[in-house]
Asker: 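Okay, handing you the structure first.
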Number of protein chains: 2
Amino acid sequence: MSTERPPATSYDTRQRILDAASEIFAKEGFARATVRDICQRAGANIAAVNYHFGDKEKLYGEVLLHTYQAMVERHPVAGGVRPEATVDERFAGFVRAFCRRVYSAGPEAYLSWLMAREMVEPSPVLDQVVNTLVRPQQQHLVAILKEMLGPNVPDEVLRSTMGCVIGQILFFHHCRPVVERLFPDRQGRNPDPDRLAEVIVTFSLPGLRAVRAKYARGGEGR
Amino acid sequence: MSTERPPATSYDTRQRILDAASEIFAKEGFARATVRDICQRAGANIAAVNYHFGDKEKLYGEVLLHTYQAMVERHPVAGGVRPEATVDERFAGFVRAFCRRVYSAGPEAYLSWLMAREMVEPSPVLDQVVNTLVRPQQQHLVAILKEMLGPNVPDEVLRSTMGCVIGQILFFHHCRPVVERLFPDRQGRNPDPDRLAEVIVTFSLPGLRAVRAKYARGGEGR
DNA sequence: GATTGTTTCAAACGTCTGTTTTAATCAATA
DNA sequence: TATTGATTAAAACAGACGTTTGAAACAATC
């Protein structure tokens with residue numbers, strides 16, 4: 001339409017490369033993914049990556065940022081629960097949204113795979129991803145947890161508790177190869193996000209109350 | 001001493017390569033680790049890997065199996081708690097032993113790194129590792145959980161609960177790059193295994209009782 | 001229609017990797 | 001001491017990879 005942005009054809013190749021790259025990076029990882037594969041799937045020439053993105057690493061950076069951004073918009077952190085709801089409900093909303101992110105299927109699952117790989121082979125963009133995209137999520141959860149655990153809980157316990165919650169959510173994703181081999185009958189099937197979220201909430205709420213009770217001093221314990 | 005085993009020198013190179021390889025595979029991953037680096041660190045010739053192990057992949061397989069085996073012997077699954085102890089104590093022992101395995105330092109940490117990489121890029125030996133080394137650990141935990149959750153709990157819930165427990169333990173290991181960037185003051189420091197285990201037990205016991213209560217029918221509910 | 005700047009293309013470059021080769025070295029046997 | 005088999009060593013091989021090159025194709029401007 002306007003003359004300010006690059007013409008349609010070039011934008012298309014750029015976008016096609018981004019799409020192909022997000023799939024191949026997610027499935028193969030940065031090292032095993034080849035620019036030849038990416039360009040072939042995108043129907044572009046090998047030189048296109050260097051022309052449009054500079055090099056393989058910058059392409060990867062753009063893929064990771066875009067994919068994470070899209071996922072945050074697709075599954076907002078509150079999980080559809082209004083801020084006026086009870087803490088327990090907001091907690092359940094957070095867990096449900098997170099589970100839906102992690103246990104999606106198809107192209108929506110690419111982010112989970114990319115991030116899992118980042119945990120083992122961090123790339124230069126991870127700093128930016130954490131600071132601009134992960135931190136808001138973490139702050140949302142910590143705010144909820146602070147409300148649930150009371151004002152006296154030390155920061156270290158708050159962090160551990162946060163780890164307990166997120167760890168439960170991520171387990172079946174991060175340990176999938178082991179789970180698949182332990183239970184071959186379940187092979188290839190993702191856990192149902194909402195049912196998993198329900199189990200995690202059932203499991204966590206009493207634990208959170210126990211932690212609160214442990215640190216409730218000064219007339220807080222009922 | 002005896003003439004039956006290979007002479008000392010050759011055994012030494014073989015062992016030196018194994019040691020060097022476990023470090024480099026753990027730190028760099030299978031793909032980024034080069035046989036040149038491994039042989040240089042082992043003080044051996046490049047051809048030694050192929051001579052003693054066949055190829056890079058077989059060397060890796062032996063490294064993973066040996067490392068896992070050593071860790072199982074170093075931190076037995078019961079965590080020093082006797083079988084006559086209460087379920088809660090045995091549960092705490094399991095969690096503590098697992099935490100100590102995952103959050104060791106130095107060469108003892110190699111297994112955690114190797115396994116974390118396996119979760120993202122499974123190798124052919126993973127089948128054997130899971131079946132011969134992981135499964136006994138899992139069965140030990142499941143036996144404890146069955147005792148804690150009662151007979152009526154469905155297998156799927158049992159599995160989810162197991163995931164909740166292991167997920168909590170693994171979080172700070174599997175998500176270390178994110179945790180480091182969220183809390184730069186904690187950078188480089190592993191969580192203290194025993195304190196983390198304590199938090200996880202405190203957090204989990206009430207959750208486990210809640211799950212038990214949920215599935216306690218037929219005169220079980222008090 | 002000529003010109004300019006952008007985008008595509010095929011081919012090649014240079015590097016790094018796992019592996020193989022072939023000869024040298026070593027230890028033990030006869 | 002001569003011989004045999006196992007081990008080490010240096011060098012080269014063959015393939016894959018990210019990147020670059022230089023020309024061709026294209027679109028927009030004058």
Side-chain angles (χ1 to χ4, degrees), chain A residues 1-64 114 117 121 123-125, chain B residues 1-64 114 117 121 123-125:
Chain A
M1 303 289 178
S2 93
T3 58
E4 282 155 354
R5 70 171 189 183
T9 60
S10 86
Y11 181 74
D12 280 348
T13 18
R14 216 188 114 94
Q15 191 58 46
R16 283 204 318 274
I17 289 177
L18 273 175
D19 292 340
S22 70
E23 175 178 351
I24 293 184
F25 279 139
K27 290 184 177 169
E28 305 289 335
F30 180 80
R32 291 190 45 172
T34 72
V35 295
R36 280 175 174 81
D37 276 357
I38 292 170
C39 289
Q40 187 179 346
R41 173 148 322 202
N45 187 270
I46 321 172
V49 162
N50 299 77
Y51 178 79
H52 286 283
F53 299 91
D55 58 13
K56 186 186 176 187
E57 194 176 280
K58 294 194 190 99
L59 166 61
Y60 175 82
E62 206 155 318
V63 163
L64 184 61
L114 291 171
R117 295 181 185 280
E121 211 123 18
S123 76
V125 277
Chain B
M1 303 288 179
S2 92
T3 57
E4 280 154 355
R5 68 172 190 185
T9 59
S10 86
Y11 181 74
D12 281 350
T13 20
R14 214 187 117 93
Q15 189 60 47
R16 284 204 317 276
I17 289 177
L18 274 174
D19 293 340
S22 70
E23 174 178 351
I24 294 185
F25 279 139
K27 290 184 178 170
E28 305 289 335
F30 180 80
R32 291 191 46 174
T34 72
V35 294
R36 278 174 177 82
D37 277 356
I38 291 171
C39 289
Q40 188 178 347
R41 171 145 325 201
N45 188 269
I46 322 172
V49 162
N50 298 78
Y51 179 77
H52 285 284
F53 299 92
D55 58 14
K56 187 187 176 187
E57 196 176 279
K58 294 195 190 95
L59 166 61
Y60 175 83
E62 205 155 317
V63 163
L64 185 61
L114 290 171
R117 295 182 185 281
E121 210 121 20
S123 76
V125 275

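Below, chain A is the first sequence line, B the second, and so on; all start at residue 1.
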Asker: Which nucleotide, C:dG18, D:dA6, C:dT19, lies nearest any side-chain atom of B:T34?
Answerer: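 The answer is C:dG18, which lies nearest to the side chain.
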
Asker: Look at the side-chain N and O atoms of A:T13 and state whether any lies under 4.0 Å from the OP1 or OP2 oxygen of C:dT7.
Answerer: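 No.
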
Asker: Calculate the interatomic distance between B:F53 atom CZ and C:dT19 atom C1'; express it in whole Å.
Answerer: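 Those two atoms, CZ and C1', are 16 Å apart.
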
Asker: Please report the distance, rounded to the nearest Å, between CG in B:N50 and P in D:dT7.
Answerer: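 It works out to 15 Å between those atoms.
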
Asker: So, are B:E23 and B:K27 salt-bridged, with charged N and O less than 4.0 Å apart?
Answerer: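 A salt bridge is present here (some side-chain N lies under 4.0 Å from a carboxylate O).
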
Asker: To the nearest angstrom, how far is B:K58 atom NZ from C:dG18 atom P?
Answerer: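 It works out to 15 Å between those atoms.
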
Asker: Using the side-chain heavy atoms of A:V35, tell me which of these nucleotides is nearest: C:dT20, C:dT19, D:dG18.
Answerer: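 Taking heavy atoms from C-beta onward, the closest nucleotide is D:dG18.
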
Asker: In whole angstroms, how far is the P atom of C:dT21 from the OH atom of B:Y51?
Answerer: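 Going from B:Y51 (OH) to C:dT21 (P), I get 15 Å.
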
Asker: Under 4.0 Å between any heavy atoms, over every strand shown, what does B:A31 touch: base, sugar-phosphate, or nothing? Just pick one.
Answerer: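 B:A31: no heavy atom of the nucleic acid under 4.0 Å.
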
Asker: How long is the line joining CD of B:E28 and C1' of C:dC16, in whole Å?
Answerer: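 Distance check: B:E28 CD to C:dC16 C1' gives 15 Å.
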
Asker: Taking only the side-chain heavy atoms of A:R36 (C-beta and beyond), determine which of D:dA10, C:dT8, D:dG18 contains the nearest atom.
Answerer: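 The answer is D:dG18.
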
Asker: So, OP1 or OP2 of D:dA6: does either fall under 4.0 Å of a side-chain N or O from B:H52?
Answerer: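 The answer is no; no side-chain N or O of B:H52 sits under 4.0 Å from OP1 or OP2.
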
Asker: Can you list the residues that meet the ring-ring contact (aromatic ring centres under 6.0 Å, His included) rule with B:Y60, with sequence neighbours excluded?
Answerer: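 For B:Y60, the residues satisfying ring-ring contact (aromatic ring centres under 6.0 Å, His included) (neighbours in sequence not counted) are B:F25, B:F30.
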
Asker: Supply the atom-to-atom distance B:R117 CZ to B:E28 CD, rounded to the nearest 0.5 angstrom.
Answerer: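 So the CZ of B:R117 and the CD of B:E28 are separated by 7.0 Å.
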
Asker: Give the intermediate values and the outcome of side chain to side chain contact (heavy atoms under 4.5 Å, CB included) for residues B:R41 and B:D37.
Answerer: CA-CA 6 Å; B:R41 171 145 325 201; B:D37 277 356; over 6 Å; no

Asker: With nearest nucleotides of DNA chain D determined for A:R32 and A:N45 from heavy-atom distances, which residue corresponds to the more 5′ nucleotide?
Answerer: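 The 5'-side residue here is A:R32.
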
Asker: Rounding to a whole Å, what distance do you find between A:Q15:CD and C:dT7:P?
Answerer: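 So the two atoms are 15 Å apart, to the nearest Å.
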
Asker: Between D:dA27 atom P and A:D12 atom CG, what is the distance in whole Å?
Answerer: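 In whole Å, D:dA27 P and A:D12 CG are 13 Å from each other.
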
Asker: Send over the distance from B:I46 CD1 to D:dA10 P, rounded to a whole Å.
Answerer: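 So the CD1-P distance, B:I46 to D:dA10, works out to 9 Å.
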
Asker: Quick one: does B:D55's side chain have a donor or acceptor within less than 3.5 Å of a partner on B:K58's backbone?
Answerer: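 Flag set: sc B:D55 to bb B:K58 pair under 3.5 Å.
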
Asker: Could you please name the option among C:dT7, C:dG18, D:dT19 that lies closest to any side-chain atom of A:K56?
Answerer: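 In terms of side-chain proximity for A:K56, the closest of C:dT7, C:dG18, D:dT19 is D:dT19.
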
Asker: Taking any heavy-atom pair under 4.0 Å as a contact, classify B:A47: base, sugar-phosphate, or nothing.
Answerer: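 Base, at least one base heavy atom under 4.0 Å.
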
